[in-house]
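Order of the sequence lines sets the chain letters (A, B, ...), proteins ahead of strands, with each chain counted from 1.
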Amino acid sequence: MTGLTFQPERTAVEAVGLGARYRRRWALQDCSFRLPAGRVCALVGPNGAGKSTLLSLAAGLRRPAEGSLTVFGGRPGAADVRPRIAYLSQDKPLYPRFTIADTLRMGRELNPGRWDQAVAERTVADGGLSHEARIGDLSGGQRTRVALALAFGKRPELLLLDEPMADLDPLVRHEMTAALMAQAAEHATTVVIASHVLAELEGVCDYLLLIADGRVRLAGEVEDLLAAHSVLVGRHEGPGLPREFATHTVVESRATGRQLTALVRPDGPLPEQWRATEPSLEELLLAHLRSPGAPALLTPSAEPRALRRRLHAQGASRLPEAAA
Amino acid sequence: MVEFRIDRRSGVATYLQIVQQVKQALRLGLLAPGDKLPTAKEVVAATAINPNTVLKAYRELDREGLVEARPGLGTFVRRSLARPQAAAGSPLRAELADWMHRAREAGLDREDVAALLASVLEEGFDGPPGTTGTAAHEAT
Amino acid sequence: MSTTASVTRITPGGPVGPVGPVGPVEPAGRPPRSLGIAWLVWRQHRTTAWIALAVLAALCAELVWLRSAMTGYVAQHGLAVPCPDGDGCAARHAAVDGFRGRFLDVIGYNALLLEFLPFLAGLFVAGPVVARELESGTYKVAWTQSVSPLRWFAVKLGLPVLALVAGASLLSAAFTWTWRPVGHLEQGRLVDGNRWYEAFDALGPAPVAGVLFGAALGALTGLLVRRAPAAMAATVAVCAVLYWPLTAVRPYLADPVTQTRPASADYPPALSGSDSWRYERGMTTPSGGRLPDARCIEASSIQHCVTGHGADGWYLDYHPAAHFQRLEWAEAGLVTAAAAVLAGGAVWRLRRLCP
């Protein structure tokens, strides 16, 4: 029971040089990352960053324009991969004239040999919903619950959720998150939650994928990413950055009077006269979103295995931190 | 069984909150050797936190020798942290109660007493509570 | 920080151990049979299907009644045998008029309905079957279950098309069966306006081929337009644009019979009068060429008019009633081929749409 649900050696999702495009506009470009199985991953980024595109690629709803994306080692649309993925799109489309019972029946009919009616029914029953209620008559939160029941009933190994909690009140949001986490705990499901509401993700996710402008900015374990950064506060006057910062990667720095606050990726010992603290998740994300020029950072577990092998073959010991 | 209360705004890592709450329950005698801790699924179903966090906390408690995992059965309490020296009616507790009475007579209010206690506590034991410092101390 | 842990009950009587995963539990009673995608398609369109079935049954009953009423009338007035010369024929004219007054409108409405079946099929496939699914995003639910998008589309389009073809076949067979005993009597005068070449689209294999055409067109426009109302409107427009010209080539699908008459004759060959489809009349030149009909029949001297155009006679192209089956099947083949081309376009579009 003390074994973690994640299996670091198994790969749930892996992207190498992934690109996707709507007509002329690139929604994703040159994305490379890896998500180990059993993780609960936050997919974060501003609106229009490419979160939904990435999820629909992983769900097998669209094809990449370039590069590759694999789920459990296969193409997302492949016959042996599709049954293992469940997907909840942002608008949670369901057939409005179906009853809840019809909707669950659809899950059973379209997932032969996989469907778990008991799990789906329990999820619906926990919300106090009648099986005879029509989907069209449900509130946004109730629809989300039915859509989640449909996803849970499939017994997925990878659960992709696009802004799942956006239209839920705090109580239902807590309930649904709890149901989701229980599902993940029981079946070691890999979960990806796309959101731009940070409060929704704190404490829930142990893995992070930050994308902005269609590119990966941060990827890896939340703890490791936080530990790899420091917030430095100290006194500094004059133009430019202090010389003692030269050895470190400065993500963002702000001067207020004589005080300088900087978020850095330390490389070696930090200067003595600066007060260093570990950033909060929010500080880390905001700093990266405000500084599009900062190099991307992938922790070792988030480096694509395929890319890694290639680099090792070339004699490189580590993936360069700059993805671009 | 225990029920965990997770405060996401406290600034304390979630897994540490679970570790501390189990220890507190062990100290107060709410959990006794042989008791079963809730499964990760039960905890996350109530608290909506990441299951890996619960498992990490249990692993930490296991490492400290407070609980043990029995594969296929669950996680069970191995030993208690309740001490007779700290129980109601013990001489140490009586002395502290007496001291508290005198502090009140001297005109100290609740906050003054709390600050004084915290400061003395800091001098007597190294490091803030809940860190590996005290964990190591308790494990030995 | 409040770290007080509250005690909760231990599961009463329950074994100490983790809650194992609960296996799939079917609801009490007989588990429903698994039909896969077919169930989903049926559930989505069952209201439409029941209404269509009820309408179909009512129409069939109406056609059975119509046929027995018409044959009864024919028998009662002795219209089944040719008119013997003499006094009987005057009464016969009255009987034919009576028949037309009583039945012609009903036959006409039934024929009209059958002629519009391709449009109805196109509307249904374009809107409710295809475009609404793409418009509302519900296809994403279907595509992220365990079945492949292509298989889902195949069943989703296949079942309604099968049902439409079956319904159209039954209706067309019933109408043809009703029409046939009276269609050729009195040289077709009983069903004036719905003779074999006028009710052509409502008889035999024509409605079935037309429904295939409409459905294929509906599928293609639905996949291209992806908005239900727009796709339905586009289907009707394109169906009108494509389907009517297709029927314009109809007379040329089989070799016609040509009747010629010299310019010296009093009148050109008549354009109507018998059970033949006289579709083209014109003038012939001495070299054997053909000239269009120059409305010489309205001139004061027809003969002068004809020779004035440099012609020396008349010709008339027509299909006798015996060509009916040949023309029906030739056109059905052509329309089905056109439907196949449209279906090919739909499949091409599908392959581009499906990941």
(request) Would you mind checking which part of B:Ala46 comes under 4.5 Å of any heavy atom in chain A, side chain (CB onward), backbone (N, CA, C, O), both or neither? (result)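 The backbone, not the side chain.
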Within 6.0 angstrom of [X] [atom1], more than 12 heavy atoms from elsewhere:
{"X": "B:Arg104", "atom1": "CZ", "result": "no"}
{"X": "A:Gln259", "atom1": "CD", "result": "yes"}
{"X": "A:Arg290", "atom1": "CZ", "result": "yes"}

(request) Can you measure from CD (A:Glu202) to CG (B:Asn50) and round to the nearest 0.5 angstrom? (result) 12.5 Å
(request) Looking only at non-hydrogen atoms, find the nearest pair between A:Ala185 and B:Lys41 and report the distance. (result)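 So the two residues come closest at CB-CA, 3.9 Å.
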(message) Using a 4.5 Å heavy-atom cutoff, which residues in residues 168-178 of chain A come close to chain B?
(response)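 So far as heavy atoms go, A:His174, A:Thr177, A:Ala178 are the residues that approach chain B to under 4.5 Å.
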